[in-house]
Enquirer: 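Input: one structure, supplied below.
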Amino acid sequence: EQLEEQKKTLNKINHFYQALDSSNRALIEAKSEQELFDTVARTVHNEWNFQLVWLGLITDEKKSIEQVAYAGETNDYMRHLNIKYDDSLLGNGPGGRSIREKRPVIISDTQTDDTFKPWSKLALKNNFHSCASFPIMRNEDVYGIFTVYSNETNAITQDETYLLEKLASNLALGLDL
């Protein structure tokens with residue numbers, strides 16, 4: 001049984017590396033920033049099996065996050081999503097904290113994490129049980145965020161976090177090409 005679990009984990013990690021490679025190809029081949037965002041969102045959604053993947057850029061004047069691309073099952077989730085990166089209640093979720101703290105923020109259970117309260121009902125309605133936001137850095141500044149949602153609690157492992165961080169970093173490099 002332990003050997004089967006190890007095989008399953010190894011296959012999953014291998015699959016993630018293949019998906020990272022596909023995303024990296026998109027970084028080179030995209031002809032515009034929007035095409036890059038759309039392709040990365042679609043690739044991560046399709047190949048990494050997250051229910052929803054979205055990218056957003058920060059807006060300085062409102063301290064909010066403008067959604068620029070998404071892929072996956074939303075059932076109006078994206079239309080109702082309101083995220084800021086200030087110190088307000090709407091700024092203390094994974095996206096806002098990821099921007100302010102310049103680091104990934106993982107929510108292992110969207111129904112029990114107090115910082116996710118403003119979005120927990122909407123997440124439950126859409127069967128999103130865990131999520132993670134990763135900052136997209138340009139130089140030393142946060143340019144935007146890359147966020148993934150899963151229909152399982154505790155779905156984002158240490159290995160996945162590492163690979164998604166790498167993808168966010170590569171995405172920033174792709175913006176500078």
Side-chain angles (χ1 to χ4, degrees), residues 9-60 63-72 74 77-78 81 83-86 91-108 110 113 115-116 119 128 130-150 152 154-177:
T9 300
L10 192 56
N11 283 336
K12 189 176 181 183
I13 291 169
N14 188 40
H15 184 70
F16 286 143
Y17 272 108
Q18 289 171 345
L20 181 62
D21 184 53
S22 295
S23 297
N24 287 341
R25 274 196 308 279
L27 299 175
I28 296 165
E29 296 169 1
K31 296 185 181 21
S32 70
E33 192 172 274
Q34 188 61 53
E35 182 183 346
L36 175 62
F37 293 147
D38 290 338
T39 302
V40 168
R42 195 172 42 254
T43 299
V44 173
H45 167 67
N46 291 338
E47 295 187 28
W48 294 36
N49 295 318
F50 287 110
Q51 279 54 55
L52 175 64
V53 176
W54 70 273
L55 291 95
L57 302 180
I58 64 170
T59 59
D60 287 330
K63 292 245 184 212
S64 63
I65 302 165
E66 176 190 356
Q67 303 159 22
V68 293
Y70 72 88
T74 67
Y77 186 82
M78 295 302 295
L81 196 59
I83 299 175
K84 300 202 173 285
Y85 60 96
D86 57 12
N92 279 311
R97 288 188 1 247
S98 181
I99 289 170
R100 284 196 321 277
E101 298 170 15
K102 298 182 178 183
R103 67 171 183 85
V105 174
I106 288 98
I107 302 295
S108 297
T110 60
D113 190 306
T115 65
F116 201 79
W119 309 278
F128 300 147
S130 60
C131 67
S133 288
F134 300 84
I136 301 168
M137 304 291 294
R138 288 182 96 171
N139 301 317
E140 297 297 313
D141 299 319
V142 179
Y143 183 70
I145 57 168
F146 170 67
T147 303
V148 298
Y149 292 80
S150 175
E152 299 174 16
N154 301 305
I156 296 131
T157 66
Q158 212 171 7
D159 292 327
E160 290 164 320
T161 299
Y162 170 77
L163 293 172
L164 289 165
E165 265 186 290
K166 189 130 186 82
L167 178 61
S169 176
N170 291 354
L171 183 57
L173 291 174
L175 293 171
D176 293 330
L177 291 179

Enquirer: To the nearest 0.5 Å, what is the distance between CD1 (Ile145) and CZ (Arg97)?
Expert: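 Taking CD1 in Ile145 and CZ in Arg97, the distance rounds to 12.0 Å.
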Enquirer: Can you say whether the rings of Phe146 and Phe134 are parallel (under 30°), tilted (30 to 60°) or perpendicular (over 60°)?
Expert: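 Tilted, since the angle between the ring planes falls between 30° and 60°.
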Enquirer: Checking side-chain polar atoms at under 3.5 Å, does Thr157 have a donor or acceptor matched by the opposite partner on Asp159?
Expert: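 No, Asp159 and Thr157 have no side-chain donor paired with an acceptor closer than 3.5 Å.
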Enquirer: Nearest 0.5 angstrom please: Thr161 OG1 to Glu165 CD, how far?
Expert: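 CD of Glu165 is found 7.0 Å from OG1 of Thr161.
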Enquirer: Which residue is it: Thr43, Asp38, Val44? I am looking for the one with a side-chain contact (heavy atoms from CB on, under 4.5 Å) to Val40.
Expert: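 Passing option: Val44.
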Enquirer: Please tell me if the side chains of Leu52 and Tyr77 come closer than 4.5 Å, counting only heavy atoms from C-beta onward.
Expert: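 In contact.
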Enquirer: Hey, is OH on Tyr70 packed in by over 12 heavy atoms from elsewhere, all under 6.0 Å?
Expert: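 Counting other residues, nucleotides and ligands, OH of Tyr70 stays at 12 neighbours or fewer.
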Enquirer: Just wondering, do Ser150 and Gln51 contact through their side chains at under 4.5 Å, heavy atoms?
Expert: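 Yes; the side chains approach each other to less than 4.5 Å.
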Enquirer: Using side chain to side chain contact (heavy atoms under 4.5 Å, CB included), reason through Val53 and Trp48 one step at a time and then give a plain yes or no.
Expert: CA-CA 10 Å; Val53 176; Trp48 294 36; over 6 Å; no
Enquirer: Let me confirm one number: the OG1-CG distance from Thr39 to Leu171, rounded to the nearest 0.5 Å.
Expert: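 The OG1 atom of Thr39 sits 10.5 Å away from the CG atom of Leu171.
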Enquirer: Within this structure, what is the CD1-CG distance for the pair Ile83 and Asn92, rounded to the nearest 0.5 Å?
Expert: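 Rounded to the nearest 0.5 Å, the CD1-CG separation comes out at 12.0 Å.
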Enquirer: Looking at Lys102 and Met137, would you say the former's side chain and the latter's main chain have a donor-acceptor pair under 3.5 Å?
Expert: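 No, Lys102 side chain to Met137 backbone: no donor-acceptor pair under 3.5 Å.
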Enquirer: Is there a side chain to side chain contact (heavy atoms under 4.5 Å, CB included) between Leu57 and Glu33 once you walk through the steps?
Expert: CA-CA 12 Å; Leu57 302 180; Glu33 192 172 274; 4.1 Å; yes
Enquirer: Are more than 12 heavy atoms, taken from residues, nucleotides or ligands other than Asn11, located less than 6.0 Å from that residue's CG atom?
Expert: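 Count over threshold, so yes.
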Enquirer: Taking side-chain contact (heavy atoms from CB on, under 4.5 Å) as the criterion, tell me which of Thr59, Ile99, Thr147 meets it with Ile65.
Expert: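 Only match with Ile65 under side-chain contact (heavy atoms from CB on, under 4.5 Å): Ile99.
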Enquirer: Using modelled atom types only, decide if a donor and an acceptor are shared between the side chain of Gln34 and the backbone of Val68 within a distance under 3.5 Å.
Expert: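 Yes; judged by distance alone, with no hydrogens or angles, the pair exists.
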Enquirer: Is there a side-chain contact between Trp119 and Ile107, using heavy atoms and a 4.5 Å cut-off?
Expert: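 Answer no - side chains too far apart.
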Enquirer: Taking C-beta and beyond as the side chain, do Trp54 and Leu81 meet within less than 4.5 Å on heavy atoms?
Expert: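 Answer yes - side chains close enough.
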